[in-house]
Participant: 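There's a structure below that I have some questions on.
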Amino acid sequence: MEKKLIIAGFGGQGVMLAGELLAEAGKEENKYVTFLPSYGPEMRGGTANCDVIISDEPIASPIISYPEATIILNLPSLDKFEPMMKKDGLLVLNKSLIPREVKRDDLRVVGVDAQTIAKELGNEKAANMILLGVYVAIEKPVSLDSVKSAMKLFLKGKKEKFISANEKALEKGVGIAKEFLGGK
Amino acid sequence: MGEKILMKGAEVIAEAAIRAGCMAFFGYPITPQNEVPEYFSRRMPKLGRVFLQAGSEVAAINMVYGAACTGTRVITTSSSPGISLMQEGFSYIANSDVPCVVVNAMRGGPGLGDIAPAQADYSQAVKGGGHGDYHSIVIAPHTLQEEADLMFDAFDLADKYRIMTVVLVDGLMGQMMEPVEFKEWVDVKKFKAPDWATVGQRDRDQRNIITSLEILPEGLEKMNLRLQEKYRKIEKNEIRFEEYKMDDAEYAITAFGTVARIAKTVVGMARDEGIKLGLIRPITLWPFPTKLIEKRAKQLKFFFDSELNAGQMLEDVKLAVNGRKPVYFYGKLGGVVPSAEDIYKEFKKHMEGGR
């Protein structure tokens with residue numbers, strides 16, 4: 001098993017947190033994991049993105065050139081990563097901020113109005129967790145429980161109060177994924 | 001060994017150094033390695049050890065020099081432009097026979113350059129950089145686990161040979177995260193000042209004097225010869241490398257650090273197509289695994305060197321191959337990192353050209 005994911009959006013959308021959380025969950029399952037953030041000037045304003053690889057075998061290159069799965073949170077990221085994706089790849093899309101349709105017809109696209117749903121759940125910032133839930137439920141790089149227990153490591157002290165909202169968001173994502181898988 | 005911790009490469013450097021018994025950090029901030037001093041600044045005071053942000057890189061390296069003269073395990077970390085500023089100190093440290101560890105998280109140059117990953121300081125680190133005939137031991141990990149392990153070796157080698165050990169990494173390794181397991185803590189209570197250390201005369205007959213100055217040419221020649229003798233000993237004992245799928249290889253990539261890691265993916269891509277490609281990865285860049293490359297030249301059709309520079313380790317590979325086989329090169333400059341696909345495509349061009 002080797003799962004490769006790129007998460008991309010604006011800085012502040014929780015791109016890095018979602019990636020680190022997934023990496024931590026992979027580590028908890030004793031898998032090989034790499035997390036590679038893009039950094040530098042493009043962090044401000046442009047796209048922020050990270051590559052996460054989870055594998056049963058040692059990981060060679062931590063860089064993903066042609067992603068088989070992406071979580072895309074904004075339009076510039078869709079423009080950048082859509083053409084690079086592998087055929088039949090999974091594209092989990094934050095439709096709240098992306099006005100256009102996906103151009104390619106050879107991808108598995110799950111469009112989610114993530115910010116609206118997050119708002120309904122009472123935490124607008126949890127859009128990233130909804131989308132992460134969708135990805136985890138479809139590609140199964142790790143179990144949902146591992147993601148939840150990783151979350152407890154990240155949200156400590158003052159941030160502890162956000163755990164339940166984020167867990168709800170994750171589960172909402174899992175529900176959306178089940179609909180997507182069932183509807184096929 | 002304890003449990004695995006998911007950590008940033010920059011933090012791995014600091015944590016491993018602390019566990020290896022590093023008692024003092026002196027440095028000056030520079031991207032992309034600021035998480036290293038940040039981490040030290042949090043941990044060192046709590047352990048009763050020294051963290052000091054100097055006024056400049058020149059000040060920092062001279063503080064390292066001073067601490068090294070007492071035989072204390074000491075470190076500085078910086079990135080390319082900062083390392084350039086420290087070169088005078090490196091040269092003094094070399095001719096003073098004092099141990100220390102320097103980490104360079106290389107970024108794009110020359111000049112102020114950028115903050116993206118590069119390997120363009122290979123020659124500076126391996127061939128000297130400062131003035132005079134000297135070497136530092138230079139080690140280049142390619143994963144964070146290897147980085148965690150080699151930080152211990154960096155201090156051990158520095159102490160064993162009274163020499164500066166340079167750990168060469170790049171911005172990518174500093175920023176990425178990977179689970180690592182650290183070796184056991186070194187018991188610093190067992191440390192005592194070595195005989196040569198300048199920690200007071202105590203019950204010795206004479207004062208210890210550490211200096212890189214010797215005004216008489218004959219005397220300075222003797223110091224130089226002694227240094228060269230030490231370097232030969234290191235070349236004999238401390239060469240480290242990894243060979244990856246080399247047993248039946250007909251072609252070999254030579255690469256270090258981040259590029260070597262990407263190259264392992266390239267080897268996999270070639271093997272999937274039935275091409276017998278392997279990887280030779282020097283772990284010590286000085287001393288360099290010359291004899292190994294010389295030996296492998298017999299079985300190979302050609303070498304393919306790849307680096308994040310215009311061809312610096314390439315020169316050492318060519319010296320080792322010594323004209324026996326072709327040595328091709330593919331490099332990216334200014335902080336651009338090639339994908340495995342890019343490297344494989346370039347490699348195949350030479351395969352097809354040779355047929």
Side-chain angles (χ1 to χ4, degrees), chain A residues 2 4-7 15-44 46 48-68 81 84-86 142 146-147 149-154, chain B residues 3-10 31-35 105 107-108 113-117 142-146 171-181 244-245 253 255 258-269 271 279 281 306 332 334-345:
Chain A
E2 186 170 78
K4 298 180 178 184
L5 169 72
I6 292 180
I7 309 176
V15 167
M16 299 303 170
L17 177 67
E20 285 186 37
L21 205 58
L22 189 60
E24 184 69 41
K27 191 218 84 179
E28 293 207 357
E29 292 187 7
N30 257 323
K31 295 193 162 93
Y32 291 93
V33 174
T34 58
F35 167 84
L36 178 65
S38 79
Y39 71 102
E42 75 170 357
M43 261 182 153
R44 292 189 200 111
N49 56 273
C50 62
D51 297 7
V52 182
I53 305 179
I54 298 177
S55 177
D56 293 328
E57 305 287 325
I59 298 163
S61 173
I63 302 165
I64 304 171
S65 329
Y66 303 101
E68 61 197 24
F81 290 106
M84 291 159 65
M85 284 193 69
K86 276 190 181 160
V142 292
S146 301
V147 181
S149 87
M151 198 184 281
K152 292 195 178 83
L153 269 176
F154 280 81
Chain B
E3 59 163 340
K4 284 198 168 171
I5 311 169
L6 183 69
M7 269 180 122
K8 231 182 205 195
T31 309
Q33 61 81 55
N34 283 326
E35 291 87 346
R107 63 186 237 185
D114 62 22
I115 56 170
H142 79 314
T143 64
L144 300 195
Q145 182 61 58
E146 190 180 30
L172 188 144
M173 286 186 70
Q175 297 298 320
M176 73 174 285
M177 293 175 92
E178 203 164 27
V180 294
E181 209 174 337
Y244 182 68
K245 306 209 169 164
I253 300 182
T258 287
V259 182
R261 189 162 187 174
I262 300 170
K264 284 188 174 172
T265 300
V266 179
V267 169
M269 292 163 89
R271 294 268 165 179
L279 167 71
R281 179 175 72 88
S306 188
K332 286 297 225 177
V336 179
V337 181
S339 68
E341 286 81 1
D342 293 337
I343 297 174
Y344 188 43
K345 207 170 104 191

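Below, chain A is the first sequence line, B the second, and so on; all start at residue 1.
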Participant: Please find the pair of heavy atoms, one from I63(A) and one from P338(B), that lie closest to each other, and give the distance.
Facilitator: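 In terms of heavy atoms, the two residues are closest at CD1-O, 4.4 Å.
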
Participant: Quick check: closest heavy atoms across V33(A) and P179(B), and the distance to 0.1 Å?
Facilitator: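 Looking at all heavy atoms of both residues, the closest pair is O-CD, 3.3 Å.
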
Participant: For residues K27(A) and L6(B), report the shortest heavy-atom separation together with the two atoms involved.
Facilitator: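 For K27(A) versus L6(B), the nearest heavy atoms are CD-N, 3.7 Å.
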
Participant: Where on V266(B) is there a heavy atom nearer than 4.5 Å to chain A: the side chain, the backbone, both, or neither?
Facilitator: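 Contact with chain A is absent: no heavy atom of V266(B) under 4.5 Å.
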
Participant: Which pair of heavy atoms, one from R261(B) and one from A60(A), lies closest together, and at what distance?
Facilitator: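 Scanning both residues completely, I find the closest heavy atoms to be NE-O, 2.6 Å.
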
Participant: At what distance, to the nearest 0.5 angstrom, does CZ of F35(A) lie from CD of Q175(B)?
Facilitator: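 Rounded to the nearest 0.5 Å, the CZ-CD separation comes out at 9.5 Å.
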
Participant: Establish, from distance only, whether the side-chain atoms of E341(B) and S65(A) form a donor-acceptor pair under 3.5 Å.
Facilitator: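 There is such a pair between these side chains.
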
Participant: For the CG atom of L36(A) and the CE atom of M173(B), what is their distance to the nearest 0.5 Å?
Facilitator: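 Nearest 0.5 Å value for the CG-CE distance: 11.5 Å.
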
Participant: Need one label for E28(A): side chain, backbone, both or neither, based on atoms under 4.5 Å from any heavy atom in chain B.
Facilitator: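 Neither the backbone nor the side chain of E28(A) comes within 4.5 Å of chain B.
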
Participant: Need one label for I5(B): side chain, backbone, both or neither, based on atoms under 4.5 Å from any heavy atom in chain A.
Facilitator: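 Just the backbone, heavy atoms under 4.5 Å.
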
Participant: Counting C-beta onward and ignoring hydrogens, is there a side-chain heavy-atom pair between K264(B) and S61(A) closer than 4.5 Å?
Facilitator: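 Of all side-chain heavy-atom pairs linking S61(A) with K264(B), none is under 4.5 Å.
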
Participant: Could you check if a side-chain atom of I59(A) sits within less than 4.5 angstrom of a side-chain atom of T143(B), using non-hydrogen atoms only?
Facilitator: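 No. Closest side-chain heavy atoms not under 4.5 Å.
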
